[in-house]
Amino acid sequence: MNKTLIPLVFLLTLILLPSKTLAWGKQGHALVAEVAFKYMDRKTKNIVLEYLDGMTIEDAANWMDDVKKDHSYDYMSAYHYVNFDLGASVEEKEGANIIYQLDTTIKELQNKNNLSKAAINTKIKILFHLMGDLHQPLHVGYGNDKGGNTMQINYNFKGTNLHSLWDFGIIESKKISLHNCLKARKYSKNEIKTLQQINVVNWAKDSRSYLTAIYNTGGNKITEEYVDSTVPVIENQILKAGIRLAGVLNEVFKN
């Protein structure tokens with residue numbers, strides 16, 4: 001092979017490889033944490049910050065992705081997602097999957113008197129991250145394409161996959177901000193109360209309800225019309241994730 005072609009071939013290979021699962025990317029996870037802090041009461045905020053011991057809420061929300069390079073955390077690699085076939089019943093199954101691990105983490109924090117301060121620190125970081133992951137619909141996606149990871153597409157003249165587009169591509173391209181997410185929808189007090197009722201399976205079903213529209217790409221070349229149609233969904237999913245995260249933490253630390 002011509003030596004001048006090697007770097008190009010290597011680059012194309014990297015582009016076409018399915019990316020690692022990083023729901024929402026750093027910016028999206030940070031936004032979930034920031035939304036949550038808008039909906040937490042002051043006492044809960046102070047308690048959470050005390051347990052985080054100097055770590056920012058944005059870093060806490062991204063901790064589970066940041067530690068992937070440390071192989072001692074490899075056991076968490078499957079915590080970020082769960083796959084169900086099209087038409088399959090969404091249910092909680094014990095094991096290394098996002099529904100079971102998020103539900104377990106919430107229950108452990110609800111019984112936090114049995115945990116050390118270090119353990120609570122870790123559980124809060126897991127809660128922050130998995131709440132964000134669950135609200136990226138492709139993290140409760142279909143197994144046949146690994147939640148969109150093997151669905152190759154082209155956007156802005158660049159090769160990527162559907163999962164990566166939803167993780168960070170659209171957020172970065174459209175510069176989705178905290179202001180955008182907070183204004184995505186005006187929920188009444190009763191609607192917020194309903195959203196915050198803890199039911200991880202129902203939250204997963206809610207995320208999966210967007211999959212039909214997500215896969216309606218019109219082909220492998222992604223248009224701006226498609227991307228523009230996804231922005232309200234992404235903003236509202238981040239908003240709901242933050243509202244629910246705040247609800248869980250307000251409940252955990254109410255006493």
Side-chain angles (χ1 to χ4, degrees), residues 14-15 17-40 45 48-49 52 54-69 73 76-77 79-81 98 102 124-141 147-149 151 153-185 203 206-207 210 213-214 222 224 226-246 248-249:
L14 287 179
I15 289 172
L17 279 174
S19 68
K20 291 183 178 179
T21 303
L22 296 171
W24 297 135
K26 281 189 173 293
Q27 177 65 7
H29 277 294
L31 287 171
V32 170
E34 290 164 2
V35 169
F37 256 53
K38 294 291 185 180
Y39 283 86
M40 274 186 225
K45 291 179 187 178
V48 169
L49 290 174
L52 291 180
M55 177 180 278
T56 68
I57 57 172
E58 293 84 2
D59 286 343
N62 280 289
W63 176 80
M64 283 189 74
D65 282 341
D66 292 338
V67 298
K68 285 182 177 180
K69 55 184 172 286
Y73 290 99
M76 289 186 177
S77 61
Y79 287 10
H80 299 255
Y81 65 92
I98 190 170
L102 179 55
I124 288 174
K125 291 183 290 191
I126 293 173
L127 174 66
F128 266 70
H129 191 84
L130 294 188
M131 190 68 81
D133 278 355
L134 191 74
H135 287 76
Q136 204 278 51
L138 290 167
H139 277 250
V140 282
N149 269 293
M151 181 176 172
I153 58 173
N154 186 288
Y155 176 57
N156 277 343
F157 306 103
K158 294 180 180 178
T160 183
N161 61 69
L162 187 65
H163 191 105
S164 294
L165 183 70
W166 273 76
D167 270 358
F168 56 84
I170 297 169
I171 292 174
E172 292 177 358
S173 175
K174 296 301 180 179
K175 296 180 172 57
I176 293 175
S177 67
L178 176 62
H179 175 78
N180 298 143
C181 295
L182 291 173
K183 299 296 183 181
R185 179 172 170 180
W203 296 347
D206 182 35
S207 284
Y210 297 101
I214 288 172
I222 302 300
E224 285 302 321
Y226 171 85
V227 171
D228 288 342
S229 73
T230 69
V231 170
V233 175
I234 291 174
E235 291 173 346
N236 193 39
Q237 283 299 97
I238 290 173
L239 175 61
K240 287 190 290 186
I243 290 173
R244 286 167 171 158
L245 174 58
V248 170
L249 289 168

Interatomic spacing from CD1 in Ile98 to NE2 in His80 - rounded to 0.5 Å | 8.5 Å
Nearest 0.5 Å, what's the CE-CD1 distance between Met131 and Ile126?
-> 13.0 Å
Can you name the nearest heavy-atom pair linking Val35 to Gly242, along with the distance?
-> CG1-CA, 3.7 Å
Given side chain to side chain contact (heavy atoms under 4.5 Å, CB included), test Phe128 with Val48 step by step and report yes or no.
-> CA-CA 11 Å; Phe128 266 70; Val48 169; 4.2 Å; yes
Going through the checks in order, is the side chain to side chain contact (heavy atoms under 4.5 Å, CB included) test met by Tyr39 and Leu249?
-> CA-CA 10 Å; Tyr39 283 86; Leu249 289 168; over 6 Å; no
If you look at every heavy atom in Gly28 and Ile171, which pair is closest and at what distance?
-> CA-CD1, 3.9 Å
Is there side-chain contact between Tyr226 and Ile153, with heavy atoms separated by less than 4.5 Å?
-> no
Calculate, to the nearest 0.5 Å, the distance between atoms CZ and CG belonging to Arg185 and Leu239 respectively.
-> 9.0 Å
Side-chain donor or acceptor of Asn161 paired with backbone N/O of His163 under 3.5 Å = yes
What orientation do His135 and Trp203 show, parallel under 30°, tilted 30 to 60°, or perpendicular over 60°?
-> tilted
Can you find a heavy atom in the side chain of Lys174 that is under 4.5 Å from one in the side chain of Glu224?
-> yes
Going by an N to O cut-off under 4.0 Å, is there a salt bridge joining Asp66 and Lys26?
-> yes
Do Leu102 and Leu127 touch side chain to side chain, with heavy atoms closer than 4.5 Å?
-> yes
Measure across Ser173 and Tyr155 and return the closest heavy-atom pair with its distance rounded to 0.1 Å.
-> OG-OH, 2.9 Å
Which residues pass the side-chain contact (heavy atoms from CB on, under 4.5 Å) test with Glu172, sequence neighbours left out?
-> Phe168
Over all heavy atoms of both residues, which pair between Gly132 and Val32 is shortest? Give the atoms and the distance, please.
-> CA-CG2, 4.2 Å
Kindly indicate whether the side chain of Ile214, heavy atoms from C-beta on, has any atom under 4.5 Å from the side chain of Thr230.
-> no
Is there side-chain contact between Glu58 and Thr56, with heavy atoms separated by less than 4.5 Å?
-> yes
Supply the atom-to-atom distance Ile170 CD1 to Leu165 CG, rounded to the nearest 0.5 angstrom.
-> 4.0 Å
Can you name the nearest heavy-atom pair linking Ile176 to Cys181, along with the distance?
-> CG2-SG, 3.8 Å
For Ala36 and Ala246, which heavy atoms make the closest approach, and how far apart are they?
-> O-CB, 3.4 Å
Under the criterion side-chain hydrogen bond (donor to acceptor under 3.5 Å, both in side chains), which of Asp133, Asn62, Asp59 is the partner of His29?
-> Asp133
Under the side chain to side chain contact (heavy atoms under 4.5 Å, CB included) criterion, do Lys68 and Asp65 qualify, and how do the steps go?
-> CA-CA 5 Å; Lys68 285 182 177 180; Asp65 282 341; 3.4 Å; yes
Partner set under side-chain contact (heavy atoms from CB on, under 4.5 Å) for Asp206, not counting sequence neighbours | Ser209, Tyr210, Gln237, Lys240, Arg244
Partners of Trp63 by ring-ring contact (aromatic ring centres under 6.0 Å, His included), sequence neighbours excluded?
-> Tyr73
Do Ser164 and Asp167 have side-chain N/O donor and acceptor atoms under 3.5 Å apart?
-> no
In sequence, state the C-alpha distance, the side-chain angles, and the governing distance for Leu31 and Glu235, and then conclude on side chain to side chain contact (heavy atoms under 4.5 Å, CB included).
-> CA-CA 10 Å; Leu31 287 171; Glu235 291 173 346; over 6 Å; no
Which of Leu245, Ile57, Leu178 passes side-chain contact (heavy atoms from CB on, under 4.5 Å) with Phe37? Answer is Ile57
